[in-house]
J.: 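Sharing a structure here in structure tokens format.
Proteins get letters first, then strands, A, B, ... in listed order; numbering begins at 1 in each.
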Amino acid sequence: MRDQLDLVPDAILAGRAADGDTAAFEALARRYGPHMRACARRLTGQYADADDVVQEALVQAWKQLESLRDPAAVKGWLLRLTGSRSIDYLRRRRNHTSLSALEEGGAGREPAAAAPGPESSAVAASGTEALKAALSLLPEEQRRCWVLKEFNGQSYEQIAQTLNISPASVRGRLARARITLVREMEGWR
Amino acid sequence: MSIPHDTFECGHTLEELSQYLDTGDFPDPRHLETCPDCRNGLDSLRRLSTAGSELLSKDLAEAGSGNDDWMKDILANLKLELRPGRSIPLRSEHPADTLTETEGSVLALVRSVTDLAPGAVAGRVRLEGDVTVPGEAITVNLDLAVAFGNPLLGSAEALRQDLGEALARHTELNIAAIDITITDVIDTPREEP
Amino acid sequence: MTVPAQPPTAKREELPANRQAGLPGAAAPGSLRAAVLGVEGVTDVFPSRPLWQRLPAGALSLLQQAARQQGAGDQGAGDPDDGPLVEALADGSATDVTVRIGVGADARTPDVVRAVAAVVRTHFAPAEVSVKVTVARISPE
């Protein structure tokens with residue numbers, strides 16, 4: 001049934017991959033690559049960066065698969081790696097950006113938050129469009145918490161680890177993110 | 001950044017409601033059934049959560065499939081270090097020679113023999129015992145996924161025999177036992193006869 | 001003669017195109033490679049050092065294809081993933097020859113490995129060598 005690796009449960013694929021089976025690892029990458037890419041795109045702002053992040057996350061996954069205690073939990077684990085690599089990527093890009101901004105004599109800019117645009121929730125075509133517009137207006141730190149929670153399903157503790165902040169800060173940022181998003185989307189309060 | 005008016009007249013906060021949605025924790029759960037402010041707040045947060053799920057679905061569709069070119073490019077760029085594992089000695093006819101096979105090659109052999117069995121896919125494989133010492137008793141532990149409806153018992157026995165023969169052909173390991181654990185059942189699309 | 005150690009993070013592209021040529025017999029590694037491939041049951045000859053295993057996923061099969069196409073070839077120099085396929089190191093007293101091979105599932109691996117060791121020894125005769133043969137892959141076809 002080797003040709004049916006794509007039908008095989010996560011735990012089996014993760015176990016094989018941990019044993020060194022590159023075909024099983026590639027099947028896992030194909031299975032969860034789109035989710036990893038979607039998460040990295042929301043965090044980094046664009047697909048070109050997202051693909052770099054996904055690649056880095058997969059390299060790390062291959063190296064550390066043996067340490068994964070519960071192979072059935074491989075999906076959440078891959079998404080957490082994607083979140084961490086995305087944040088690293090943003091830090092590197094921010095350093096790079098503020099350096100070049102300094103050289104140009106300008107202020108550092110936050111690329112992922114770029115292009116909020118003048119569109120408001122009132123004119124947005126749908127709920128998701130309104131949400132996208134509202135997300136782009138969020139402070140960077142809040143948006144990261146929100147994406148890690150809603151796209152990756154990470155717990156407060158896991159988000160705290162990824163962002164190197166306390167779980168209490170995660171709770172606060174997430175709540176503020178949601179309050180702002182609801183307000184933007186519903187003209188609330 | 002603080003949002004004004006995020007505390008309701010009842011004294012509860014949107015932060016508490018936000019956490020309640022994620023964890024189910026709330027200082028006074030019964031209050032949520034009766035307080036209109038809190039219920040409105042929860043409704044709004046739930047609508048946001050629904051919009052979030054819709055955005056994720058949309059983004060997932062936009063991200064494409066794992067069989068698309070972007071994933072092929074990523075896979076082609078990956079540099080995966082192969083895992084040779086332990087060195088398993090083979091007898092040599094010359095004292096100066098060192099003849100070995102990698103543990104990784106033996107694990108791959110076990111997987112490929114297993115995958116040939118009808119309705120079976122190998123999972124994790126373990127060689128228990130010191131394979132680097134000739135003659136040591138070795139137990140093979142194999143995790144197995146089987147297709148739904150496959151007769152498990154007979155196929156496990158036949159598989160154990162095939163594995164025994166393959167290991168005898170390709171290694172000089174002293175195989176004491178082959179333990180097969182069925183860890184998963186695969187739902188396969190039913191094939192037309 | 002020693003081979004400089006590569007740091008673990010070294011990329012494959014940065015590894016030198018290292019050809020060991022310290023011995024009369026090793027001067028023509030291609031012919032030894034052909035001799036090893038000529039042993040029944042040998043399906044592949046891989047780059048000889050573990051570091052050369054650092055391959056892109058999927059490249060293993062490409063490498064094997066290349067090896068098959070070059071099965072009767074003389075040098076194998078055209079293979080982009082080609083490291084020293086057969087590595088010979090002399091430290092003054094003894095000469096180590098390292099070969100990493102793939103074996104077909106229909107063969108008997110221990111017999112194939114001993115036959116490869118014998119072929120290598122014959123190839124270098126009358127020089128005395130220590131032969132290291134490692135099976136890195138046992139493949140169904």
J.: Counting only heavy atoms closer than 4.5 Å, note whether B:Glu16 contacts chain A via side chain, backbone, both or neither.
T.: neither

J.: Would you give me the side-chain donor-acceptor pairs under 3.5 Å for residues 159-168 of chain A, sequence neighbours excluded?
T.:
| residue | atom | partner | partner atom | Å |
| --- | --- | --- | --- | --- |
| A:Thr162 | OG1 | A:Gln154 | NE2 | 3.4 |
| A:Thr162 | OG1 | A:Gln158 | O | 3.0 |
| A:Ser166 | OG | A:Ser169 | N | 3.1 |
| A:Ser166 | OG | A:Ser169 | OG | 2.9 |

J.: About how many Å separate CG of B:Leu107 and CG of A:Asp19, when rounded to the nearest 0.5 Å?
T.: 5.0 Å

J.: For A:Ala134, is it the side chain, the backbone, both, or neither that has a heavy atom closer than 4.5 Å to a heavy atom of chain B?
T.: neither

J.: Nearest 0.5 Å, please: how far is OH in A:Tyr156 from CD in B:Gln19?
T.: 5.0 Å

J.: Most heavy-atom pairs under 4.5 angstrom with chain A, which of B:Lys58, B:Glu15, B:Arg111?
T.: B:Arg111

J.: Check B:Ala51 against A:Thr128 and note the closest heavy-atom contact, atom names and distance.
T.: O-CG2, 4.1 Å

J.: Determine the minimum heavy-atom distance between A:Pro34 and B:Ser65, stating which atoms define it.
T.: CG-C, 3.9 Å

J.: Can you tell which part of B:Leu144 gets under 4.5 Å to a heavy atom of chain A, answering side chain, backbone, both or neither?
T.: backbone

J.: I need the minimum non-hydrogen distance between A:Ala18 and B:Arg124, along with the two atoms involved.
T.: CB-NH2, 3.0 Å

J.: Roughly how far, to the nearest 0.5 Å, is the CZ atom of A:Arg30 from the CG atom of B:Asp68?
T.: 12.0 Å

J.: B:Ala122 versus chain A, heavy atoms under 4.5 Å apart: side chain, backbone, both or neither?
T.: both

J.: Given heavy-atom pairs under 4.5 angstrom as the criterion, report whether the side chain, backbone, both or neither of A:Leu135 touches chain B.
T.: side chain

J.: Please say which of B:Leu75, B:Asp73, B:Leu78 ends up in a side chain to side chain contact (heavy atoms under 4.5 Å, CB included) with A:Gln55.
T.: B:Leu78

J.: Select one option (side chain, backbone, both, neither) describing which atoms of A:Glu56 are under 4.5 Å from chain B's heavy atoms.
T.: neither

